[in-house]
Amino acid sequence: MSAGRPFLACACFFSDNVFVGRYGLHVRYRDEGQLRRDYGRALRERGCRSEEDFRAALREIEAEVQRRKQLIHQSVERKAIISKCYKRKHPEVYILQDSFLAPDFLEIVRYCTSPDAHLHGLLRYIESFSDKRIYRLPVFTEEFCRAFVDELENFEQSDMPKGRPNTMNNYGVLLNELGMDETFITPLREKYLQPVTALLYPDLGGACLDSHKAFVVKYSLHEDLDLSSHYDNAEVTLNVSLGKDFTEGNLYFGDFSQDPSPVPKYLEIEHVGAQGLLHRGGQIHGALPIASGERWNLIIWMRSSAIRNQLCPMCNKKPELVEAEGFGDGFTETLEDDAPETVNLCSLW
């Protein structure tokens, strides 16, 4: 079990998977020469044709790398200011309660924690999509979703400092900075989601998801409209549609990141309010543009140190561990005695 050991990050965070928004391209960045050699052609094919265009892209990449280097310090500062100064509109939503959860979801969890629970029994309770191991299930009540979004809008409209949820989303809220990790997201992961993921994703550490990154993203006509194709820094992802009223903006899913096909086939899935989609973090996916209204989504990247300590999912190498704040990127220092002798990596947890 990783309790007592600090969570860490992989050094690739400071150089890999940097998203160049204007060209919809993820790059690895070491220096200008390497960028030209490795991505010059791909950038040109996406419209980066002049030296001025390249310089603008380079500035965007270097700014993102610098943001990542300052992230820990700035995040700690923001969290302290928010904790001290932010006036919560709905303080009750910060502490997870059974009444926030859909009765059907609680029934699913009861089944998954029963002695005779098995995968095929669970699949009778949830909706399954193709062979991509994507599942839809009820999660929250609509009443909770309305109160939660109202709280998020209150924070958004405040003068509190705000961090970007990730490289690709410009609008949203980091829930650890808002103060929801310990009292809401962690118990949701440990008590309610892990019994479900243990049956759905045993090979991905579904029974030993010991950390997470949780954030809310917002899409609207004058802000972020869509989300380019990508995969998550997670073993398992939960994506819950919180509302509000919107049209279009479906999610689409392609191949698994480590098993791409020459001509990928995409599966389009509609958002359903208060319901969540569970999928493998490595499943390539994105969000189509919304046509009207506004949509808020809760995203929880769930991580298993027993799995990712063996191979970083973002650089596909043995992780080069560096210090991090909070849950970091879910890595832990692996002791010699922890080396697995069987494929049951969760036995480490």
Side-chain angles (χ1 to χ4, degrees), residues 82-83 86-109 125-127 135-160 162-165 169-189 191-193 196 212-227 237-251 269-278 287-301:
I82 293 166
S83 175
Y86 174 58
K87 183 173 176 57
R88 297 173 175 180
K89 185 174 181 179
H90 296 280
E92 70 279 3
V93 304
Y94 287 76
I95 300 174
L96 182 64
Q97 302 174 41
D98 274 9
S99 61
F100 297 165
L101 303 172
D104 287 347
F105 177 63
L106 293 173
E107 185 178 350
I108 291 168
V109 175
Y125 290 86
I126 63 178
E127 188 175 357
Y135 307 98
R136 176 151 54 207
L137 69 169
V139 180
F140 298 120
T141 65
E142 292 185 2
E143 181 182 10
F144 167 76
C145 289
R146 285 192 294 270
F148 189 26
V149 170
D150 195 39
E151 177 66 31
L152 294 167
E153 289 181 324
N154 184 66
F155 176 73
E156 181 188 45
Q157 294 159 12
S158 74
D159 59 359
M160 291 295 102
K162 302 170 183 73
R164 288 172 59 187
N169 291 100
N170 296 299
Y171 300 92
V173 180
L174 290 160
L175 295 184
N176 69 312
E177 294 185 5
L178 196 56
M180 296 191 75
D181 254 5
E182 294 82 3
T183 56
F184 191 102
I185 302 297
T186 294
L188 178 64
R189 167 174 54 81
K191 183 178 178 182
Y192 299 93
L193 293 172
V196 181
H212 62 260
K213 177 178 179 178
F215 51 94
V216 174
V217 293
K218 176 189 174 187
Y219 299 90
S220 68
L221 291 182
H222 302 295
E223 297 176 342
D224 287 337
L225 279 175
D226 57 10
L227 185 62
T237 294
L238 175 69
N239 181 335
V240 184
S241 178
L242 300 172
K244 303 164 63 173
D245 294 324
F246 60 91
T247 57
E248 304 296 335
N250 290 347
L251 293 172
I269 300 177
E270 184 179 358
H271 287 281
V272 177
Q275 298 199 12
L277 289 171
L278 278 169
L288 297 171
I290 64 168
S292 66
E294 184 176 296
R295 187 177 82 238
W296 292 80
N297 286 69
L298 167 65
I299 312 295
I300 307 178
W301 289 352

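The first residue of the sequence shown is numbered 1, and numbering continues consecutively from there.
- The shortest non-hydrogen separation linking Cys145 to Leu242 is CB-O, 3.5 Å.
- With a 4.5 Å cut-off on side-chain heavy atoms, Glu156 and Lys218 count as touching.
- With sequence neighbours left out, the ring pair (Phe, Tyr, Trp, His ring centres under 6.0 Å) criterion links Phe105 to no other residue.
- With sequence neighbours excluded, the residues that form a side chain to side chain donor-acceptor pair (under 3.5 Å) with Glu153 are Lys244.
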Practice item. Take Leu178 and Val216, measure what side chain to side chain contact (heavy atoms under 4.5 Å, CB included) needs, and give me the verdict at the end. Key: CA-CA 11 Å; Leu178 196 56; Val216 174; over 6 Å; no
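- Between the CD1 atom of Ile95 and the CE atom of Met180 there is a distance of 9.5 Å, given to the nearest 0.5 Å.
- Scored by the side chain to side chain contact (heavy atoms under 4.5 Å, CB included) test, Arg136 finds Glu127, Phe129, Ile269, Val272, Gln275, Leu277 as partners (sequence neighbours excluded).
- Residues meeting the side chain to side chain donor-acceptor pair (under 3.5 Å) test with Arg189, sequence neighbours left out: His212.
- The CG atom of Leu288 sits 8.5 Å away from atom NE2 of His271, with the distance rounded to the nearest 0.5 Å.
- Ring geometry for Phe140 versus Phe184: interplanar angle of 30 to 60°, hence tilted.
- Between Ile300 and Leu188 there is a side-chain heavy-atom pair separated by less than 4.5 Å.
- Looking at every heavy atom in both residues, Leu96 comes nearest to Pro187 through CD2-C, 4.0 Å.
- Residues Leu251 and Ala287 come closest through the heavy atom pair CD2-CB, 4.0 Å.
- The heavy-atom pair separating Ala274 from Glu142 by the smallest distance is CB-CG, 4.2 Å.
- A side-chain hydrogen bond (donor to acceptor under 3.5 Å, both in side chains) check over residues 96-106, counting only residues at least two apart or in different chains, returns the pairs Asp98-Tyr192.
- Lys89 pairs by the side chain to side chain contact (heavy atoms under 4.5 Å, CB included) definition with Asp150, Glu151, Asn154, not counting sequence neighbours.
- Distance check: Ile299 CD1 to Phe215 CZ gives 5.5 Å after rounding to the nearest 0.5 Å.
- Closest of all the heavy-atom pairs between Arg88 and Gly179 is NH2-O, 4.1 Å.
- Within the model, atoms CG of Leu175 and OH of Tyr94 stand 9.0 Å from one another, a figure rounded to the nearest 0.5 Å.
- In this structure a side-chain-to-backbone donor-acceptor pair under 3.5 Å is present from Tyr86 to Phe155.
- With rounding to the nearest 0.5 angstrom, the CD atom of Glu107 is 12.5 Å from the CG atom of Leu137.
- Atoms CD1 and NZ, on Ile185 and Lys213 in that order, are 13.0 Å from each other to the nearest 0.5 Å.
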